[in-house]
Amino acid sequence: MNLGATWAKAWIRTSADVMSEHRVELINLDREIGDGDHGENMDRGFQAVLGKLDDLPADAAPGDVFKLVATTLISTVGGAAGPLYGTAFLKAAVAVAGALELDGAALVALLTAARDGIVLRGKAELGDKTMVDAWTPAVDAAAAAHEAGANDLDILIAAANAAEAGAVATEPWVARKGRASYLGERAIGHRDPGAQSSALLLRAAADTAAA
Amino acid sequence: MNLGATWAKAWIRTSADVMSEHRVELINLDREIGDGDHGENMDRGFQAVLGKLDDLPADAAPGDVFKLVATTLISTVGGAAGPLYGTAFLKAAVAVAGALELDGAALVALLTAARDGIVLRGKAELGDKTMVDAWTPAVDAAAAAHEAGANDLDILIAAANAAEAGAVATEPWVARKGRASYLGERAIGHRDPGAQSSALLLRAAADTAAA
Amino acid sequence: MKKLVNDPKNVVDEAVAGFGAAHADLVSVHQDPNFIVRKDAPVAGKVGLVSGGGSGHEPMHGGFVGFGMLDAAVPGAVFTSPTPDPILAATKAVDGGAGVLHIVKNYTGDVLNFETAADLAAADGIEVRSVLVNDDVAVKDSLYTAGRRGVAGTVLVEKIAGAAADRGDNLDAVATVAEKVIARVRSMGVALTPCVVPHAGEPSFTLAEDEIEIGIGIHGEPGRERIRLEPADAIVDRLLGPILDDIPFVSGDEVLLMVNGMGGTPQIELYIVFRHAAEVLAAKGLTVTRTLVGNFTTSLEMQGMSITVLKLDQELTTLWDAPVQTAALRWGR
Amino acid sequence: MKKLVNDPKNVVDEAVAGFGAAHADLVSVHQDPNFIVRKDAPVAGKVGLVSGGGSGHEPMHGGFVGFGMLDAAVPGAVFTSPTPDPILAATKAVDGGAGVLHIVKNYTGDVLNFETAADLAAADGIEVRSVLVNDDVAVKDSLYTAGRRGVAGTVLVEKIAGAAADRGDNLDAVATVAEKVIARVRSMGVALTPCVVPHAGEPSFTLAEDEIEIGIGIHGEPGRERIRLEPADAIVDRLLGPILDDIPFVSGDEVLLMVNGMGGTPQIELYIVFRHAAEVLAAKGLTVTRTLVGNFTTSLEMQGMSITVLKLDQELTTLWDAPVQTAALRWGR
Ligand SMILES: Nc1ncnc2c1ncn2[C@@H]1O[C@H](COP(=O)(O)OP(=O)(O)O)[C@@H](O)[C@H]1O
Ligand SMILES: Nc1ncnc2c1ncn2[C@@H]1O[C@H](COP(=O)(O)OP(=O)(O)O)[C@@H](O)[C@H]1O
Ligand SMILES: [Mg+2]
Ligand SMILES: [Mg+2]
Ligand SMILES: [Mg+2]
Ligand SMILES: [Mg+2]
């Protein structure tokens with residue numbers, strides 16, 4: 001699939017399905033080292049987005065889709081994840097503003113802007129055991145794939161793979177941001193829920209591009 | 001043993017031990033159809049009596065012992081059992097006032113007065129599933145044994161046996177007095193805790209007389 | 001059993017001591033025997049109000065001692081009526097010469113022990129009247145039971161009678177208004193979980209993960225009926241039915257609606273219950289003009305709640321609104 | 001999971017509606033988005049106070065809306081910070097022209113959502129200041145954590161800042177007194193049982209029959225340390241140690257001592273805790289001049305409690321004593 005508005009909407013629709021499907025898994029991860037709401041938050045947010053996607057004008061660009069996602073997540077998710085994902089999509093929307101179809105460079109710019117937005121709001125560094133630990137490897141892998149001449153789909157697959165690996169990599173760590181940081185050593189052995197939802201989101205991006 | 005003050009005190013001391021030993025059993029009976037405090041109440045009360053028995057003058061009569069038991073139970077047991085047992089011992093004390101040693105007739109008078117005291121305070125009838133269902137058979141058995149010419153010990157054994165049978169007999173009944181009456185049909189199958197503690201008390205009377 | 005206690009035998013003594021330390025501006029606490037009196041007791045010329053009963057129902061009754069409500073509260077052992085001694089001592093401590101009203105919940109133990117204390121007080125020349133609260137419609141008031149139990153409606157009796165006493169009503173008048181509240185108040189409760197008496201160490205009954213008890217009392221005693229867990233609104237309907245049938249309440253009545261937590265239920269659930277209860281009353285044409293939501297008459301850590309409805313009139317509303325200054329109920333000063 | 005709820009998705013909406021119905025004399029409730037404001041909001045010329053956060057901590061914050069305390073409370077989903085929209089709407093609803101103070105508990109989600117709302121309000125020409133409450137000494141305030149959490153001390157910040165606003169202090173002054181309370185208040189908590197978030201349906205952690213969690217927060221999150229159950233007094237010692245070391249409090253200080261139930265703990269246990277906590281403070285030479293005991297900052301039905309100590313001075317004591325008229329805290333009117 002070309003990476004135009006149709007793909008952007010499909011990505012978001014698939015993400016909504018994925019968040020519903022993985023709601024309990026994300027809740028359980030968050031019960032272990034947080035407060036047990038992450039799956040509920042993501043599901044609520046993406047369901048709200050789903051209800052609004054059809055209101056977009058027919059000529060909406062991908063950036064318009066992401067802007068709608070941003071404002072809807074900000075106004076429905078709450079918690080830490082709401083502002084963080086909201087800012088990510090807002091910055092992503094700005095990064096690809098105007099483009100009707102995204103090429104590899106735009107994809108990398110989109111992912112980079114999203115990650116930068118999360119870091120801007122949350123001030124987390126790599127290794128703090130947050131969603132940044134999924135996004136930064138994803139950005140790096142996407143950039144490397146693009147540089148190596150990969151096509152759009154492969155860039156997204158590289159990003160999704162790296163995000164998944166990044167989420168898994170958070171397991172042995174102590175957390176330094178978010179609720180899990182209160183736990184000290186007891187966070188060890190548990191995957192960060194936000195890193196996991198980030199990996200799900202990026203996998204959805206690749207899956208819809210492959211369709 | 002002759003049924004003088006020494007016996008009266010021994011009876012009460014043994015009762016204190018028995019209530020401690022059966023504390024959990026009585027609590028459990030009361031958890032089933034009451035509020036789970038009967039064993040605690042009886043134990044607290046008889047332990048308090050124990051602490052005061054030695055203060056009795058050397059020439060105290062059985063009636064004095066029972067009066068002390070009455071006032072102490074009234075002021076330490078609380079709940080339904082406190083006033084009921086308290087009144088029982090108070091009326092028993094009056095019934096045998098002055099006597100230094102109890103004969104068969106006095107024993108029957110004592111038991112009758114105790115039972116009447118309980119009925120006076122609690123207004124329960126036979127079959128209401130209360131301690132009366134232990135006391136009334138005990139009184140009847142004691143009277144019958146006395147009439148048949150039994151000795152003191154055998155009168156007490158007859159009373160204890162009848163009280164135990166009476167307590168067991170409460171099991172299939174619906175209650176019409178006390179907390180168990182709130183349960184309606186659901187009280188069926190459970191022994192009344194107060195009938196059980198009454199049986200324990202009367203068994204202690206017989207056991208100490210046998211010693 | 002996990003509880004924030006030291007020796008289970010000292011639970012009541014320590015809690016009463018802590019209560020006294022925490023509310024020294026409102027009450028004085030006497031220990032051995034335990035009772036709690038208004039800081040300014042006895043109030044000369046005022047009818048004294050004494051209530052009491054087993055502990056484990058906090059804030060009832062100690063939390064209701066103070067201006068405009070009780071003069072004294074007498075806590076027994078957990079779920080065990082106090083003995084006559086502390087009731088007598090409290091009665092004497094609050095007698096301001098105008099007599100004392102005993103507000104007694106209708107349980108055999110409470111009735112007998114307060115009765116004895118009242119006799120002893122009378123022998124000491126104190127005029128004592130007693131009222132028996134029996135608002136629990138879960139238990140049929142018949143010859144074949146010990147009668148209906150006193151539950152959360154007791155709080156309303158204490159508040160309203162307390163206001164009457166503090167405005168200067170005499171003993172007869174205070175007893176009369178207390179009886180009036182008793183005649184017009186009905187309650188019924190539900191338990192989601194049992195509670196554990198500290199000295200027993202085990203729950204008084206067990207409920208499966210999908211079961212609830214309808215018609216429980218406040219002593220961790222089993223209720224009348226065990227059913228499968230239902231949505232909150234359905235449970236509310238189950239409790240309100242018998243309550244509204246009992247008096248009966250009629251369209252146009254003004255009522256006070258109380259939703260009382262049993263101790264372990266989050267407030268968020270009590271308000272969910274309140275919302276639907278108010279809807280049901282409105283649908284019956286009743287106007288909820290006064291409200292009370294919270295933990296007032298509890299059963300230790302039991303999860304569950306009771307609903308209480310009081311039929312108001314001008315007098316009762318005025319007395320309800322009168323200032324009250326206690327640890328658990330406070331307004332107007 | 002047994003709860004008095006209907007559809008778990010509607011828990012907050014229904015509870016907020018019930019709260020509004022129960023306390024219509026004190027507050028107005030707006031739904032979709034949910035926020036609760038003082039009946040007389042906006043109060044012209046008065047600094048508006050807004051707090052909020054995830055639901056499940058009731059009575060915090062809705063129970064503290066009213067004269068002398070908050071102008072608005074913004075409840076999020078259970079244990080989830082509200083989004084900026086309702087915070088913004090509440091901020092606008094209480095702006096009486098003197099600016100608005102946001103009282104924010106220090107959690108990433110709360111901080112970020114209130115930040116966004118404050119930016120949006122500023123863009124609408126409303127002057128907004130924010131204070132971050134972070135009284136929980138269980139979490140070390142270091143570069144390697146999200147900082148200390150805001151827990152029950154929040155209630156004291158809201159009461160005292162609310163009194164300052166109602167006596168006419170300007171935004172700077174109200175923010176300053178709020179910061180002063182934050183600088184002088186410390187808390188720590190313990191859980192005996194976990195709690196169950198309605199939409200999760202499972203407890204956030206599990207504890208064996210003889211285990212307790214020391215240093216829990218208020219979101220059903222695990223604490224810092226799991227130990228064997230101990231007598232209440234020993235647990236109190238464990239919590240008070242870090243609290244008293246942190247500021248530090250010194251002999252001669254006057255303090256407010258708060259014992260806060262986590263939602264499922266019987267009051268009788270809270271007073272047992274209070275008793276020993278007061279003893280310990282006295283032994284350190286601290287004078288407990290003000291007290292607060294009850295469920296104020298809860299974690300749904302969690303059994304446990306937290307202890308909060310605030311170092312008072314004349315100003316804070318005066319503001320604490322000032323009249324307050326809310327659903328959960330009320331005196332002086
Ligand atoms: N400062 C931060 N920077 C980046 N991500 C963060 C930060 N704080 C929290 N997160 C992410 O947010 C996730 C938790 O989201 P969620 O459970 O929805 O919110 P809350 O923690 O408010 O309950 C964490 O797993 C983590 O990935
Ligand atoms: N009206 C009554 N007459 C006689 N016995 C009664 C009456 N009411 C209760 N009892 C007895 O009291 C026992 C309960 O005592 P206890 O548990 O100590 O008091 P409470 O019921 O106040 O908790 C019952 O098992 C029953 O035998
Ligand atoms: Mg979370
Ligand atoms: Mg009992
Ligand atoms: Mg009892
Ligand atoms: Mg959360």
Side-chain angles (χ1 to χ4, degrees), chain B residues 23-24 26-45 47-48 71-87 90 118 120-125 127-131 174-187 190 194, chain C residues 8-9 33 52-54 56 74 76-88 107-117 136 138-140 142-149 194-206 215-226 299:
Chain B
R23 177 177 164 278
V24 173
L26 295 173
I27 283 176
N28 285 344
L29 289 177
D30 198 32
R31 281 202 295 127
E32 298 291 352
I33 58 170
D35 57 354
D37 59 358
H38 187 60
E40 178 75 12
N41 294 346
M42 297 303 288
D43 185 30
R44 182 175 59 242
Q47 288 303 316
T71 54
T72 308
L73 292 184
I74 289 173
S75 70
T76 58
V77 175
L84 292 170
Y85 275 117
T87 305
L90 202 60
I118 293 167
L120 179 79
R121 290 310 301 270
K123 317 256 172 350
E125 291 173 16
D128 282 356
K129 192 161 184 153
T130 71
M131 53 176 75
V174 163
R176 286 189 296 240
K177 279 279 182 293
R179 281 174 207 289
S181 72
Y182 307 141
L183 287 179
E185 307 275 309
R186 295 172 73 188
H190 301 281
Chain C
K9 294 229 179 285
V74 189
V78 174
F79 291 169
T80 302
S81 160
T83 62
D85 298 6
I87 303 173
L88 175 62
Y107 299 95
T108 308
D110 294 71
V111 170
L112 295 179
N113 286 287
F114 270 89
E115 209 171 83
T116 304
D136 186 359
V139 173
K140 280 277 154 272
S142 88
L143 281 177
Y144 304 111
T145 68
R148 284 200 319 235
R149 302 172 285 211
C195 59
V196 176
V197 179
H199 63 244
E202 304 238 12
S204 37
F205 54 93
T206 50
I216 42 118
I218 56 171
H219 297 90
E221 62 269 57
R224 284 298 293 243
E225 195 190 355
R226 182 163 300 190
S299 273

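The sequence lines fix the lettering, A, B, ..., with proteins before strands; numbering per chain opens at 1. Quick caveat: nothing in here was measured; it's all calculated off a predicted structure.
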Cut-off 4.5 Å, heavy atoms of chain B, and the answer for E202(C) is both
Of the backbone (N, CA, C, O) and the side chain (C-beta and beyond), which part of A77(C) lies under 4.5 Å from a heavy atom of chain B, both, or neither?
-> side chain
So what's closer than 4.5 Å to chain C heavy atoms on I27(B): side chain, backbone, both or neither?
-> side chain
Okay, E185(B) and chain C: the region with an atom under 4.5 Å from a heavy atom over there is neither
Among E32(B), R186(B), H38(B), who wins on heavy-atom pairs under 4.5 Å with chain C?
-> R186(B)
Please walk me through it: do T108(C) and R179(B) pass side-chain contact (heavy atoms from CB on, under 4.5 Å)?
-> CA-CA 8 Å; T108(C) 308; R179(B) 281 174 207 289; over 6 Å; no
Check step by step if side-chain contact (heavy atoms from CB on, under 4.5 Å) holds for R44(B) and T80(C).
-> CA-CA 12 Å; R44(B) 182 175 59 242; T80(C) 302; 3.8 Å; yes
Region of T76(B) in contact with chain C, defined by heavy-atom distances below 4.5 Å = backbone
Of all heavy-atom pairs between V77(B) and T83(C), which one has the smallest distance, and what is that distance?
-> N-CG2, 3.8 Å
Given G39(B), S181(B), G79(B), the one with more heavy-atom pairs under 4.5 angstrom with chain C than any other is G79(B)
Step-by-step side-chain contact (heavy atoms from CB on, under 4.5 Å) determination, L84(B) to L112(C) = CA-CA 8 Å; L84(B) 292 170; L112(C) 295 179; 3.9 Å; yes
Under 4.5 Å from any heavy atom of chain C - which part of A175(B) = backbone
Measure distances from R121(B) to the heavy atoms of chain C and classify the residue's part below 4.5 Å as side chain, backbone, both or neither.
-> both
With Y182(B), which residues qualify under ring pair (Phe, Tyr, Trp, His ring centres under 6.0 Å), at least two apart?
-> none
Compare every heavy atom of G36(B) with every heavy atom of A200(C), then report the nearest pair and how far apart it is.
-> CB-O, 4.1 Å
Relative to chain C, which segment of N41(B) carries a heavy atom at a distance below 4.5 Å: side chain, backbone, both, or neither?
-> side chain
Non-hydrogen atoms of N113(C) and G78(B) that approach each other most closely = ND2-C, 3.8 Å
Quick one: NZ on K9(C) to CG on D43(B), what's the gap to the nearest 0.5 Å?
-> 5.5 Å
Once you round to the nearest 0.5 Å, how far does CZ of F79(C) lie from CG of D37(B)?
-> 9.0 Å
